[in-house]
Peer 1: 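Please see the structure below; I have some questions.
No hydrogens, no waters, no symmetry mates; every other heavy atom, side chains included, goes into these values. On a predicted model such as this, the values are computed, not experimentally measured, just so you know.
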Amino acid sequence: MHKARGQKAEDWRIDQELACLDLTPLCLEVERLSDALHKVQRSALVNIVAKYFFAFVYPGAQKNSIPVKDIRHLFSLFYRCASLNEPDDDIETMNILRRFAPSLQLVADVGRAASILSEMLLQNPVPREKFLGLDLQTGSGLLALGQSIMAQRLGYEKIAVWGMEEDEQTALRADSLLGTLESGKVVAGDPCLSKSYAMLRKDFVSFVSCPQAFFLGGQLAEKGYFAGYRTLFQVLGEQARHCVFFPEGLIAYSREMNMSFVLSKEEGYQLPAEYADMPLYSQGLVTQGRVLPLHHLA
């Protein structure tokens, strides 16, 4: 069967993004980049993202050298998994991709995900004896992995990174993968509920990330974003002032008002009450004291 023009263009884009892939197993990629003696290069980040995506779909692959053509093929399948199968598609693989597609959106966008990890590795949490990281709505767990790599590069000896994910099956799969990489844990929980934060045990939280912030044009839902941050700030209390949030600020656009708002830690990442019910869409980040349009992450 001939490929449609759009599929050919997508395959070309995949080939360009994955041109630097090699045969190094994911577990070794993570170990190497976690050492501050190794310079952070974009090729290393692309390899980690692409191989993490593959290992999420195929548990156990993180320990093996995966042929580059197999990784490219899986990305090609993902970009059309919402459609009907081709005759020679593996049905089980396509069903896995469909089942976990919402959680794979970030890690499947290799260029964007690599750029996000690059920005994350520039962060510098307040030095303390222990690093405790939290990733809200973690999905595949990629940003939790990024936190673990960052903490190790900064020299922390005690590191605990927790991802929180509402979908139980996604949480189980992400927890298993991060566990084998010795890079954190994922719990099934709703960030809107204070009981979901029981694993923090009132320890000092060093770092908080949230993948929902990084989707260009993505709507920031009340339950998926604002309510979760309100609950988190209630749980953290005064210690929130000393916690690093990634991104530091989020620029969001209101179509109704035709204006942009900056959501920041000082306001608990909330809108003023008079605008609280307006739909907002992600436009850009504030990180390391600079404004970064989201399309620059692509």
Peer 1: Tyr281 ring centre to Arg255 NZ or CZ under 6.0 Å, with the angle to the axis within 45°?
Peer 2: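 Output yes; distance and angle both within limits.
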Peer 1: Where the side chain of Ser209 meets the backbone of Phe246, is there a donor-acceptor pair that is under 3.5 Å apart?
Peer 2: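 Here the side-chain-to-backbone pair does not exist.
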Peer 1: For Glu31, does the CD atom sit with more than 12 other heavy atoms under 6.0 Å from it, leaving out its own atoms?
Peer 2: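 Result for CD/Glu31: open.
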Peer 1: How far does CZ of Arg80 sit from CD of Glu86, to the nearest 0.5 angstrom?
Peer 2: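 Output value for this atom pair is 5.0 Å.
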Peer 1: Write down the atom of Ser115, the atom of Leu297, and the distance for their closest heavy-atom approach.
Peer 2: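 Residues Ser115 and Leu297, closest heavy atoms: OG-O, 3.0 Å.
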Peer 1: Linking I/L/V/M/F/W/Y whenever their side-chain heavy atoms sit closer than 4.5 Å, directly or via other members, would Leu250 and Met259 fall into one cluster?
Peer 2: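 Cluster IDs for Leu250 and Met259 match.
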Peer 1: Heavy-atom distance under 4.5 Å between the side chains of Leu143 and Leu117, does that happen here?
Peer 2: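 Yes, at least one pair of side-chain atoms sits under 4.5 Å.
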Peer 1: Do you know which two heavy atoms are closest between Glu248 and Tyr269, and how far apart they sit?
Peer 2: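 Reported closest heavy-atom pair: O-OH, 2.8 Å.
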Peer 1: Please check: side-chain N/O of Arg112 versus main-chain N/O of Phe215, any donor-acceptor pairing under 3.5 Å?
Peer 2: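 Answer holds: no.
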Peer 1: Work out which heavy atom in Cys192 is nearest to a heavy atom in Lys223; give both atom names and the distance.
Peer 2: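 Result for this residue pair: SG-O, 3.3 Å.
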Peer 1: Which heavy-atom pair separates Asp135 from Pro211 by the least distance, and what is that distance?
Peer 2: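 Of all heavy-atom pairs spanning Asp135 and Pro211, the closest is OD1-CD, 3.4 Å.
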Peer 1: Are the side chains of Lys51 and Ile66 in touch, meaning some heavy atoms are under 4.5 Å apart?
Peer 2: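 Answer no - side chains too far apart.
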Peer 1: Are side-chain heavy atoms of Cys81 and Met94 found at a separation under 4.5 Å?
Peer 2: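 Yes, side chains in contact.
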Peer 1: Is a side-chain donor or acceptor of Ser148 paired with a backbone partner of Ala144 at a separation under 3.5 angstrom?
Peer 2: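 No, the answer is negative, given that no donor and acceptor are paired below the 3.5 Å cut-off.
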Peer 1: Answer yes if the side chains of Glu267 and Ser264 hold a donor-acceptor pair under 3.5 Å, and no otherwise.
Peer 2: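 Distance-only check passes for Glu267 and Ser264.
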Peer 1: Ile71 and Leu23: same hydrophobic cluster, using ILVMFWY side-chain contacts below 4.5 Å?
Peer 2: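 Per the 4.5 Å side-chain linkage, Ile71 and Leu23 are not co-clustered.
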Peer 1: Give a yes or no on this: more than 12 heavy atoms of other residues, nucleotides or ligands lie within 6.0 Å of atom CD of Glu157.
Peer 2: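 Counting other residues, nucleotides and ligands, CD of Glu157 stays at 12 neighbours or fewer.
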Peer 1: Can you name the salt bridge (Lys or Arg N to Asp or Glu O under 4.0 Å) partners of Glu129, sequence neighbours left out?
Peer 2: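 Glu129 satisfies salt bridge (Lys or Arg N to Asp or Glu O under 4.0 Å) with Lys158 once adjacent residues are dropped.
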Peer 1: So do Ile96 and Thr93 actually touch side chain to side chain, heavy atoms under 4.5 Å?
Peer 2: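 Not in contact.
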Peer 1: Do Leu285 and Glu119 have side chains that approach each other closer than 4.5 Å (heavy atoms only, starting at C-beta)?
Peer 2: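 Not touching, per the 4.5 Å side-chain cut-off.
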Peer 1: Looking only at the aromatic ring of each residue, does the gap between the centers of Phe53 and Phe100 stay below 6.0 angstrom?
Peer 2: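 Not close enough - the centres of the two rings lie 6.0 Å or further apart.
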Peer 1: Search all heavy atoms of Ser282 against all heavy atoms of Leu220 and return the closest pair with its distance.
Peer 2: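 Nearest heavy atoms, Ser282 then Leu220: OG-CD2, 3.5 Å.
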Peer 1: Apart from Val286 itself, what residues make up its hydrophobic cluster, given side-chain heavy atom links below 4.5 Å?
Peer 2: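 Reading the cluster by chain and number, Val286 sits alongside Ile251, Val262, Val291.
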Peer 1: Within a radius of less than 6.0 Å around CD of Glu182, do more than 12 heavy atoms belonging to other residues, nucleotides or ligands occur?
Peer 2: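 Not buried by this count: 12 neighbours or fewer within 6.0 Å.
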Peer 1: Roughly how far apart are Leu122 CG and Gln288 CD, rounded to 0.5 Å?
Peer 2: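 Rounded to the nearest 0.5 Å, the CG-CD separation comes out at 5.5 Å.
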Peer 1: Hey, what do you get for OG1 (Thr170) to CG (Asp175), rounding to the nearest 0.5 Å?
Peer 2: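 One finds 12.0 Å between OG1 of Thr170 and CG of Asp175.
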Peer 1: Please determine whether the number of non-hydrogen atoms from other residues, nucleotides or ligands lying under 6.0 Å from atom CG of Asp277 exceeds 12.
Peer 2: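 Open.
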Peer 1: Tell me, do Lys265 and Val208 make a side-chain contact under 4.5 Å, heavy atoms counted?
Peer 2: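 No. Closest side-chain heavy atoms not under 4.5 Å.
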Peer 1: Where the side chain of Gln239 meets the backbone of Asp203, is there a donor-acceptor pair that is under 3.5 Å apart?
Peer 2: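 Side chain of Gln239 to backbone of Asp203: a pair is present.
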Peer 1: When rounded to the nearest 0.5 angstrom, what is the spacing between CG in Leu121 and CG in Asn124?
Peer 2: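 So the CG of Leu121 and the CG of Asn124 are separated by 12.0 Å.
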Peer 1: Tell me whether Glu274 at atom CD has more than 12 heavy atoms from other residues, nucleotides or ligands lying less than 6.0 Å away.
Peer 2: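 It does: Glu274 CD has more than 12 such atoms within range.
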Peer 1: Strictly under 6.0 Å, is that where the ring centroids of Tyr229 and Tyr225 end up?
Peer 2: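 That pair passes the under 6.0 Å test.
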Peer 1: Spell out, as yes or no, whether a donor-acceptor pair under 3.5 Å connects the side chain of Ser118 to the backbone of Ala114.
Peer 2: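 Judged by distance alone, no pair lies under 3.5 Å.
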Peer 1: Write down the atom of Glu168, the atom of Ala188, and the distance for their closest heavy-atom approach.
Peer 2: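 Taking every non-hydrogen atom into account, CA-CB, 4.1 Å.
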Peer 1: Quick check: does any side chain N or O of Asn47 sit under 3.5 Å from a backbone N or O of Cys20, one acting as donor and the other as acceptor?
Peer 2: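 Confirmed, Asn47 side chain pairs with Cys20 backbone.
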Peer 1: Any side-chain to backbone donor/acceptor pair from Arg98 onto Ser83? Under 3.5 Å, distance only.
Peer 2: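 Judged by distance alone, yes, a pair lies under 3.5 Å.
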Peer 1: Between Tyr197 (side chain) and Pro191 (backbone), is there a donor-acceptor pair under 3.5 Å?
Peer 2: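 Answer holds: yes.
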Peer 1: Any Lys/Arg nitrogen of Glu165 or Arg173 sitting under 4.0 Å from an Asp/Glu carboxylate oxygen of the other?
Peer 2: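 Arg173 and Glu165: not salt-bridged.
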Peer 1: Once rounded to the nearest 0.5 Å, what's the spacing between atom CG of Leu132 and atom CG of Leu200?
Peer 2: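 Separation between the atoms: 5.5 Å.
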Peer 1: Walk me through whether Ser76 and Ile14 qualify under side chain to side chain contact (heavy atoms under 4.5 Å, CB included).
Peer 2: CA-CA 7 Å; Ser76 180; Ile14 294 169; 4.2 Å; yes
Peer 1: CG of Asn85 to CG of Asn95: how many Å apart, nearest 0.5 Å?
Peer 2: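 Between Asn85 CG and Asn95 CG, I get 7.0 Å after rounding to 0.5 Å.
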Peer 1: Looking only at atom types and distance, does a side-chain atom of Arg128 sit under 3.5 Å from a main-chain N or O of Val205, one as donor and one as acceptor?
Peer 2: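 Flag not set: sc Arg128 to bb Val205 has no pair under 3.5 Å.
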Peer 1: Kindly say whether His38 contributes a backbone atom to a donor-acceptor pair with the side chain of Arg153 at under 3.5 angstrom?
Peer 2: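 Yes, Arg153 side chain to His38 backbone: donor-acceptor pair under 3.5 Å.
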